[in-house]
Q: 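The structure that follows is given in the form of structure tokens.
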There are 2 protein chains.
Amino acid sequence: MAFKGDLEALILAVLSDHALHGYEISKRIRSQSQEVLKYGEGQLYPALHKLEESGFIEAEWMLQDGKPDRKVYSITPKGREELERHRSAWAKFVSGVGGIFASHAVEGGK
Amino acid sequence: MAFKGDLEALILAVLSDHALHGYEISKRIRSQSQEVLKYGEGQLYPALHKLEESGFIEAEWMLQDGKPDRKVYSITPKGREELERHRSAWAKFVSGVGGIFASHAVEGGK
DNA sequence: TATTTATACCTAGAAATCAGAGGTATAAAT
DNA sequence: ATTTATACCTCTGATTTCTAGGTATAAATA
């Protein structure tokens, strides 16, 4: 139907300001959604690879010593377009569900 | 994660005003969501059966002659409680996704 | 010192979900 | 004669999602 959390859209959104590595992306989705959206790494990394394959994001390794290396992702122009498509799909979806919940409002709302 | 259309919540919502038969439920979800939410019968009927099993809705056959008989579903008190849980889960989900899309707003908005 | 927590990447398989096709049956419209 | 609409239903293949596992280092805690 579209959207259940649509991880790809969320990734593109958090990358739209600054390039970030995967681990950081997952933490930001968690915190910026007020802990509502939580994705395991088993979901995140495949999603990143798919976005990269599609040309919506690009990766670059950032080597660190001592700590694990980081793969830093940044959004591409094509990715920004895709983000806009996701944004409007989301808006449509919200209004669709809202249309149903609203037309059957709870009686006795204070 | 919760919600992708969460058909069960939508069914409970459209049943909260009046009892309806399956075929009518699917048409209302379609129209009241402005054609955004479309479920095939292959999704609808199993969902109805599951809701009935859980005691959230009740069914009664309404015999018709000439036309196919109808199985009319009505929401139970337990179903209304469930609907409220779905409603608040939805609200939380929307604010979660909104939290991400909003903190990375499109530049150049007029 | 041993264990847990945090960092950072990744794959694979099980479970759940979804869309579409198929199946039965009648009546009305084209 | 065929299509559309009504009205119920199941099943299967594809996709999606989640969980659990696997590697490796450093810092904090017990």
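Order of the sequence lines fixes the chain letters, A, B, ..., with proteins taken first and strands second; residue numbering starts at 1 for each chain.
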Q: Glu41(B) side chain: which of dC9(D), dC9(C), dA19(C) is closest?
A: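 Output: dC9(D).
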
Q: Give me the atom names and distance for the closest heavy-atom approach of Tyr45(B) to Tyr23(B).
A: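 In this case the closest contact between Tyr45(B) and Tyr23(B) is OH-N, 3.8 Å.
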
Q: Grab the CZ-C1' distance between Arg28(B) and dA7(D) for me, whole Å please.
A: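 Nearest whole value for this atom pair: 16 Å.
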
Q: Does His49(B) place a side-chain N or O at less than 4.0 Å from the phosphate oxygens OP1/OP2 of dT10(D)?
A: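 Result: yes.
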
Q: Assuming nearest nucleotide by heavy-atom distance, tell me which of Lys27(A) and Lys50(B) is located more 5' along DNA chain C.
A: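 So the residue in question is Lys27(A).
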
Q: Send over the distance from Tyr73(B) OH to dA7(D) P, rounded to a whole Å.
A: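 Distance check: Tyr73(B) OH to dA7(D) P gives 14 Å.
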
Q: Out of dA19(C), dA8(C), dC10(C), which has the shortest distance to the side chain of Tyr39(B)?
A: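 When the side chain of Tyr39(B) is considered, dA19(C) is the closest of dA19(C), dA8(C), dC10(C).
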
Q: Watson-Crick or G-U wobble partner for dA27(C), using a 3.5 Å limit on both distances?
A: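 For dA27(C), the partner nucleotide comes out as dT4(D), under the 3.5 Å rule.
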
Q: I need the NE2-P distance between His21(A) and dT7(C), as an integer number of Å.
A: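 Spelled out: NE2 on His21(A) to P on dT7(C) is 8 Å.
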
Q: Starting at CG of Asp65(A) and ending at P of dA26(D), how long is that distance when rounded to a whole Å?
A: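 Result: 9 Å.
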
Q: Of the options dT7(C), dC10(C), dT10(D), whose atoms approach the side-chain atoms of Tyr23(A) most closely?
A: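 The listed nucleotide nearest to Tyr23(A)'s side chain is dT7(C).
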
Q: Is any side-chain heavy atom of Ile11(B) closer than 4.5 Å to one of Tyr39(B)?
A: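 Answer no - side chains too far apart.
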
Q: I'd like to check Leu10(A) versus Asp6(A) (side-chain heavy atoms, cut-off strictly below 4.5 Å). Are they in contact?
A: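 Of all side-chain heavy-atom pairs linking Asp6(A) with Leu10(A), none is under 4.5 Å.
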
Q: Hey, does the side chain of Arg28(A) reach the backbone of Val14(A) with a donor-acceptor pair shorter than 3.5 angstrom?
A: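 Checked: no pair found.
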
Q: Using atom CG of Asp69(B) as one end and atom P of dA27(C) as the other, report the distance to the nearest whole Å.
A: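 Rounding to the nearest Å, CG of Asp69(B) and P of dA27(C) are 12 Å apart.
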
Q: Give the intermediate values and the outcome of side chain to side chain contact (heavy atoms under 4.5 Å, CB included) for residues Glu35(A) and Arg30(A).
A: CA-CA 5 Å; Glu35(A) 312 294 314; Arg30(A) 230 186 202 83; 4.1 Å; yes

Q: Within the structure shown, what part of the strands sits under 4.0 Å from Gly42(A) by heavy-atom distance: base, sugar-phosphate, or nothing?
A: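 Here Gly42(A) touches the bases of the nucleic acid.
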
Q: Using atom CG of Leu48(A) as one end and atom P of dC9(C) as the other, report the distance to the nearest whole Å.
A: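 Distance, rounded to whole Å: 8 Å.
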
Q: Just N and O in the side chain of Tyr45(A): are any of them under 4.0 Å from OP1 or OP2 of dC10(C)?
A: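 No, Tyr45(A) has no side-chain N/O under 4.0 Å of OP1/OP2 on dC10(C).
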
Q: CZ of Arg70(A) versus C1' of dA6(C): gap in Å, rounded?
A: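 The answer, rounded to whole Å, is 12 Å.
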
Q: Return no unless some side-chain N or O of Lys71(B) is found under 4.0 Å from OP1 or OP2 of dC9(D).
A: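 Yes, within the criterion.
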
Q: Nearest to the side chain of Pro68(B), which nucleotide is it out of dT7(C), dA25(C), dC8(D)?
A: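 It is dA25(C).
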
Q: Of Lys67(A) and Gly40(A), whose nearest nucleotide on DNA chain D comes first from the 5' end?
A: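 So the residue in question is Gly40(A).
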
Q: Any side-chain N or O of Gln64(A) less than 4.0 Å from the OP1 or OP2 oxygen of dA8(C)?
A: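 Yes, Gln64(A) has a side-chain N/O under 4.0 Å of OP1/OP2 on dA8(C).
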
Q: How long is the line joining CG of Leu44(B) and P of dC11(D), in whole Å?
A: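 In whole Å, dC11(D) P and Leu44(B) CG are 17 Å from each other.
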
